[in-house]
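In this text the structure is predicted, and so the values were computed from the model without any measurement. Quick note on labels: first sequence line is chain A, next is B, and so on, each numbered from 1.
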Amino acid sequence: MRSLRIGLLLGLRQIQRASIWTTSLIIFVMMLTFLNLIAVSGILVGLIEGAEKAVRESALGDIVITELDGEDHILETESFIREIEAYPEIDTYSVRFSGSATLEANYKERRNLQNERDIAAVRVSGIDPHQEDTMTGLSDLVIEGEYLNPDEEGFILIGIYYIEEYAQQFGDVFESVAGVKPGDTVRLTLGDVSKEFVVKGLVQSKVDEVNLSTFIPEREFRRLFNRLDRNADQIVIRTVNPEDNAKIAASMEASGLTQFAKILTFEENLPKFLIDIKNTFNVLGTFIGSIGIVVASITIFIIIFINALSRRRHIGILKGIGIERQVIEIAYVAQAAFYALTGSFLGALLTYGFLVPYFDQNPIQFPFSDGILSADPEGTFYKFVILFVITLIAGFVPAWMIAKQNTLNAILGRK
Amino acid sequence: MPIIIAQNIHRTFGKEPLLTHVLRGVDITVEPGEFVAIMGKSGAGKSTFMYQLSVLDTPSSGHLIVDGTDVMSLSERERTTFRLNTLGYVFQDYALVPDLSARENVMMPLLMRGDYWQTATEKADAAIDSVGLEGKYQNLPAELSGGEQQRVAIARAIASAPKIIFADEPTANLDSISSKQVIDLLSDLNHTTGQTIVMVTHEREYALGANRILYMEDGVIVQEENLRPVHS
Ligand SMILES: Nc1ncnc2c1ncn2[C@@H]1O[C@H](COP(=O)(O)OP(=O)(O)OP(=O)(O)O)[C@@H](O)[C@H]1O
Ligand SMILES: [Mg+2]
């Protein structure tokens, strides 16, 4: 207790008397270390979270309803929807039908029937254009042509991965058709049923589900796919408060809706690999950050070591007049703590006061994600604690090394 | 009972064949309240002897009792506590902590002894006043002259009223006026508080205020000069 008081006094005075430039430099190094620790993994994780956010906003919503295991579709879809309508916590939803078909283009220009046909196996989504747009803002994703008009029939939207010119930019790993523009006529074939559609627009999204889909109004879908029971394949729901989705899903389950369909929150519906990648990125980022910790702890070690070495005589004299060794150790640990605290504080201020809001406003543009800076306070605090403890050790070790030296030798400057 | 009893103190450094035998069997007894001056040529072993008596070093052999304690049997930690509670030091080159003000330097041993901040401050200021440095409490060592720094060092040594004060050539780096002040301070202290003082000096003039002068040569005491008895 006594030692603590005197140690803190000594440490405080040393900081006060130190050159402002040295102190600033050390704090700056600590701040960079902190940022390195937070930001590297934050951007890596943010990349995935940005992708998740995009999927949530423009594809899956907060709650996803799908068919039960062993069923082909959601049962009693219409009553199911009526139930959903009764929830005030539900903001909006979209009912989707989906199936696979063959998309064929350029068949009218094909003079020679021996030539290869321009076809692609595609996923077809049957949607209510207005409902889907309110839910996911699909109309904003149209990059050529226009969005589906609910009052028209015979029009289709095509995701860009099915268009050769675009698909090539993304590696062309999907089947695609060439040179299709809005206004062109294409044909969807399913078994021996075929229907012609005029291309209304092309859609592009950060989310592959959209790029790898074609969209037609649900009415036409049901006719084409012969789905007379009106049972849908997927209902995506946006809740008023996205964080409440688990609660709402639970209450839907409690009301017995699970006999018709599987109810999953967005999080439950996330593919496991995405969670794995996120965790891996976090570990990777922390690993990269910990190199920074090593550098910072060596910096602190050297600074404290030089400082203590240059005061070796005074340390000896203090011990000579009866001041315990711990006091000296506390004085230096206190200095290290000061550097770590101030540096981390500034780093946290910069992270939460500037970087996080900045990246939210100006996401880094990745092909599959709007990268944000993800820094959840708990993880940040945890990393701060690691940085802090390591800094304390880096301050303690040199102080201990010098304080344990023989008192008289230290006073006389011997050896 | 004597406050210091040293018998047949030897101190050697290094190992054969490079062994240096610095103290070769020194005996001394110091009475409470006595002012002892040690003189002798450079290299005679005065400082080395002083370090033994003041529990900063440990004799290679011999017996040493300080204030009734067999200091040779103490652990490192106990020695530190013993120095804190019983001994005061004035080193040749002031030895103040440069980051601390005069007051804080003097407060160090007081706080270590467990004094409250307020009490320590008051005692420190009183000690600084008593060495004639009223108003210089806040000065850093670098803002004081050599003589003033040495007086702060004396204030630090006396603030906690130790039983024995050791001073190794306290005037070596001072001009004659400052030296005189420092020596007067020490003998005043000896007279007023009855604290025991052991001082090494090269100047006979400064040694004359003592009760007794010991002359060292080649690691032994070769002569003793009794100037005046210890008034008790
Ligand atoms: N740690 C040591 N190792 C080896 N020799 C030492 C050591 N300490 C002191 N000596 C030797 O002991 C002798 C006495 O040294 P000491 O410092 O006690 O002399 P002194 O009488 O105080 O001299 P001065 O008047 O110059 O201060 C010297 O020859 C010195 O070289
Ligand atoms: Mg000497």
Open item on the list: Test your reading of the model: is there a side-chain donor-acceptor pair from A:Arg17 to the backbone of B:Pro98, 3.5 Å cut-off?
Closed with: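 Not a single qualifying donor-acceptor pair exists.
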Task: Check: B:Arg83 side chain, A:Ile321 main-chain N or O, donor-acceptor pair, under 3.5 Å - done: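 Checked: no pair found.
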Step through the shown structure and confirm whether more than 12 heavy atoms of other residues, nucleotides or ligands are within 6.0 Å of [atom1] on [X].
| X | atom1 | answer |
| --- | --- | --- |
| B:Tyr137 | OH | yes |
| A:Ile20 | CD1 | no |
| A:Gln361 | CD | no |

TODO: Would you mind telling me which of A:Leu412, A:Ile6, A:Asn409, A:Val327 has the largest number of heavy-atom pairs within less than 4.5 Å of chain B?
DONE: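 Most heavy-atom pairs under 4.5 Å with chain B: A:Ile6.
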What distance separates [X] [atom1] from [Y] [atom2], expressed to the nearest 0.5 Å?
| X | Y | atom1 | atom2 | answer |
| --- | --- | --- | --- | --- |
| A:Arg13 | B:Asn105 | CZ | CG | 11.0 Å |
| B:Asp99 | A:Gln14 | CG | CD | 4.5 Å |
| A:Leu318 | B:Met112 | CG | CE | 10.5 Å |
| A:Arg2 | B:Leu110 | CZ | CG | 12.0 Å |
| B:Phe91 | A:Ile411 | CZ | CD1 | 4.0 Å |
| A:Leu9 | B:Leu111 | CG | CG | 7.0 Å |

Task: A:Arg325 bridged to B:Glu76 by N-O distance under 4.0 Å - done: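 Salt bridge between A:Arg325 and B:Glu76, a charged N being under 4.0 Å from a carboxylate O: no.
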TODO: Under the side chain to side chain contact (heavy atoms under 4.5 Å, CB included) rule, what do B:Thr80 and A:Lys319 come out as? Steps first, then yes or no, please.
DONE: CA-CA 7 Å; B:Thr80 306; A:Lys319 282 163 58 195; 5.6 Å; no
TODO: Residue by residue, scan residues 41-52 of chain B and write down, ordered by number, those that have a heavy-atom distance under 4.5 Å to chain A; if none do, write 'none'.
DONE: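 B:Tyr51, listed by number.
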Taking all heavy atoms of [X] and all of [Y], pick out the closest pair and write down the distance.
| X | Y | answer |
| --- | --- | --- |
| A:Arg5 | B:Trp117 | NH1-N, 3.6 Å |
| A:His314 | B:Val97 | CD2-CA, 4.3 Å |
| A:Ile317 | B:Ala95 | CD1-CB, 2.9 Å |

Task: B:Gln92 versus chain A, the contacting section by heavy-atom distance below 4.5 Å - done: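 For B:Gln92, neither part sits under 4.5 Å from chain A.
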TODO: Please flag which part of A:Ile315 lies under 4.5 Å from any non-hydrogen atom of chain B: side chain, backbone, both or neither.
DONE: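 Neither part.
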